[in-house]
Number of protein chains: 2
Amino acid sequence: MPRTPAPGTRDRILGVASRLFYDHGVRAVGMNRIITEAGTGKNLLYQHFPAKSDLVAAYLEGARERRAEAMRRALEAAGDDPREQLVALVAEVATTVRHPRFRGCAFRNYLAEFPEDDAERDGTPAVVAHAQLEESRAAIAERVARLDVADPDRLVEQLWLLVDGLYLQAAYRDRLDDQLDPAADAAVDLARRLVNTRP
Amino acid sequence: MPRTPAPGTRDRILGVASRLFYDHGVRAVGMNRIITEAGTGKNLLYQHFPAKSDLVAAYLEGARERRAEAMRRALEAAGDDPREQLVALVAEVATTVRHPRFRGCAFRNYLAEFPEDDAERDGTPAVVAHAQLEESRAAIAERVARLDVADPDRLVEQLWLLVDGLYLQAAYRDRLDDQLDPAADAAVDLARRLVNTRP
DNA sequence: GTCTATAAGGGGATAGAC
DNA sequence: GTCTATCCCCTTATAGAC
């Protein structure tokens with residue numbers, strides 16, 4: 001049984017691939033380009049990732065971990081009030097969206113690129129993407145459930161609409177010099193009004 | 001000078017291509033499939049559309065005309081009150097989204113599929129898509145400008161967030177049995193509250 | 001043995017020629 | 001309509017360098 005050679009290789013390949021996938025789209029980036037920019041051999045890449053699909057799934061999995069960590073930090077900073085936590089979740093997205101190199105939500109971008117990619121086996125990119133979206137939505141639903149509002153389901157939908165709206169706008173509004181800051185501010189403002197409305 | 005042969009040919013090709021592009025995505029549909037399903041010859045297709053890009057642009061242009069017509073009808077039915085017109089614009093999107101065969105916004109789908117398609121020449125698909133989005137947003141901004149609200153820009157952003165949120169959710173929430181109806185209702189409800197808030 | 005570099009297989013794309 | 005040219009894709013196999 002051979003030892004795992006060159007421990008940093010997998011991470012380096014995955015890092016290069018992740019940046020390329022995110023910046024240019026999964027379909028637009030070929031394996032050749034990843035190999036060239038990573039400075040590695042083709043054999044080694046296919047040893048760590050038997051197919052491009054595995055590499056894409058690992059890319060989304062990494063993005064998911066980073067998103068989960070960011071959400072966790074935002075919730076911690078918001079304290080114990082579920083209303084403040086809900087505002088913090090939307091505000092975290094608003095902050096993420098403002099990042100200069102932000103180019104849309106990685107998971108929604110993937111699903112838009114591969115609309116016919118069914119969720120068959122475990123570890124499929126589509127499965128990872130759906131899991132992240134459901135997890136993110138569940139974080140909102142949990143906190144809304146702790147509020148005393150007349151129609152909690154509706155509030156979840158409305159907050160989720162803000163999040164999705166922000167992500168989608170970020171995906172196309174950067175073409176012209178259209179800044180996302182007003183949209184991000186408007187989303188946070190609206191989220192605060194929504195969670196503070198008494199039944 | 002040869003006569004224009006078979007006047008309905010162009011429309012037939014465009015109709016078949018539009019349906020395929022919308023249902024399966026632009027990248028997933030090759031020219032061969034369009035030719036096969038349209039029952040036309042390859043020569044004839046390239047005579048009407050010299051490149052695939054031209055066919056895609058015509059597909060988006062057609063979708064744009066249909067969207068403009070739907071918006072015009074919704075505004076007419078809403079009467080002269082700008083508040084009712086704004087609610088009608090969001091409600092029209094909510095209705096469109098509920099359609100069983102709805103598979104997302106054609107323009108946003110295209111921009112997601114081709115993120116690096118710059119707007120260079122006229123008639124490019126990306127140009128058509130951007131024009132439609134700006135036109136749709138302008139329809140909201142015009143009516144908000146006629147309201148006496150404290151921060152009109154913010155209201156435009158918030159209404160636009162609802163529209164984008166609806167469109168994006170429609171693009172991925174239909175995978176599982178997740179119905180869009182609650183989201184559509186929530187969006188219309190929120191739009192009504194937003195435009196009826198006094199400064 | 002481990003990695004790189006290169007070539008080739010198999011498929012499908014657009015576009016054009018006949 | 002069929003057939004071909006050209007290109008790029010993912011993937012595998014082979015050959016060479018440290």
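Just so it is clear: chains get the letters A, B, ... in the order the sequence lines come, proteins before strands, and each one is counted from 1. Scope of the values below: all heavy atoms of this structure, side chains included, with no hydrogens, waters or symmetry mates.
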Novice: Taking atom C1' of D:dT11 as reference, at what distance in whole Å does atom NE2 of A:His48 sit?
Specialist: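 Nearest whole value for this atom pair: 17 Å.
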
Novice: When the side chains of residues 180-190 of chain B are checked against the rest of the protein, which donor-acceptor pairs come out under 3.5 Å, sequence neighbours left out?
Specialist:
| unit_1 | atom_1 | unit_2 | atom_2 | d |
| --- | --- | --- | --- | --- |
| B:Asp185 | OD1 | B:Arg98 | NH1 | 3.3 |
| B:Asp185 | OD1 | B:Arg98 | NH2 | 3.0 |
| B:Asp189 | OD2 | A:Gln158 | NE2 | 3.1 |

Novice: Starting at CG of A:Leu45 and ending at C1' of D:dT12, how long is that distance when rounded to a whole Å?
Specialist: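 Interatomic distance, CG of A:Leu45 to C1' of D:dT12: 13 Å.
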
Novice: Pull out every protein N or O sitting under 3.5 Å from an N or O of nucleotides 11-18 of chain C, one pair per line with the distance.
Specialist:
| unit_1 | atom_1 | unit_2 | atom_2 | d |
| --- | --- | --- | --- | --- |
| C:dT14 | OP1 | B:Met31 | N | 3.4 |
| C:dT14 | OP1 | B:Lys52 | NZ | 2.9 |
| C:dT14 | OP2 | B:Met31 | N | 2.7 |
| C:dA15 | OP2 | B:Lys52 | N | 2.8 |
| C:dA15 | N6 | B:Lys42 | NZ | 2.7 |
| C:dG16 | O6 | B:Lys42 | NZ | 3.2 |
| C:dC18 | N4 | B:Asn43 | ND2 | 2.7 |

Novice: Do the charged groups of A:Arg173 and B:Glu157 touch, with an N to O distance under 4.0 Å?
Specialist: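 B:Glu157 and A:Arg173: salt-bridged.
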
Novice: Tell me, do A:Arg19 and A:Glu37 make a side-chain contact under 4.5 Å, heavy atoms counted?
Specialist: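 Yes. Closest side-chain heavy atoms under 4.5 Å.
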
Novice: A:Thr40 side chain N/O closer than 4.0 Å to the phosphate oxygens (OP1, OP2) of C:dC3?
Specialist: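 False: A:Thr40 side-chain N/O out of range (4.0 Å or more) of C:dC3 OP1/OP2.
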
Novice: What pair of heavy atoms forms the shortest contact from A:Gln169 to B:Leu161, and how long is it?
Specialist: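 Heavy atoms of A:Gln169 and B:Leu161 come nearest at NE2-N, 3.8 Å.
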
Novice: Return the value, rounded to whole Å, for the distance between atom CG of A:Leu20 and atom P of D:dC10.
Specialist: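 Distance, rounded to whole Å: 12 Å.
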
Novice: Taking atom P of C:dT6 as reference, at what distance in whole Å does atom CD1 of A:Ile35 sit?
Specialist: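 Rounded to whole Å, this separation is 12 Å.
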
Novice: Using a 4.5 Å cut-off on heavy atoms from C-beta on, say whether the side chain of A:Val128 contacts that of A:Tyr110.
Specialist: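 No - every pair of side-chain heavy atoms lies 4.5 Å or more apart.
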
Novice: Looking at residues at least two apart in the chain, or sitting in another chain, which of them share a side-chain hydrogen bond (donor to acceptor under 3.5 Å, both in side chains) with A:Lys42?
Specialist: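 Checked A:Lys42 against side-chain hydrogen bond (donor to acceptor under 3.5 Å, both in side chains); matches are A:Asn32.
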
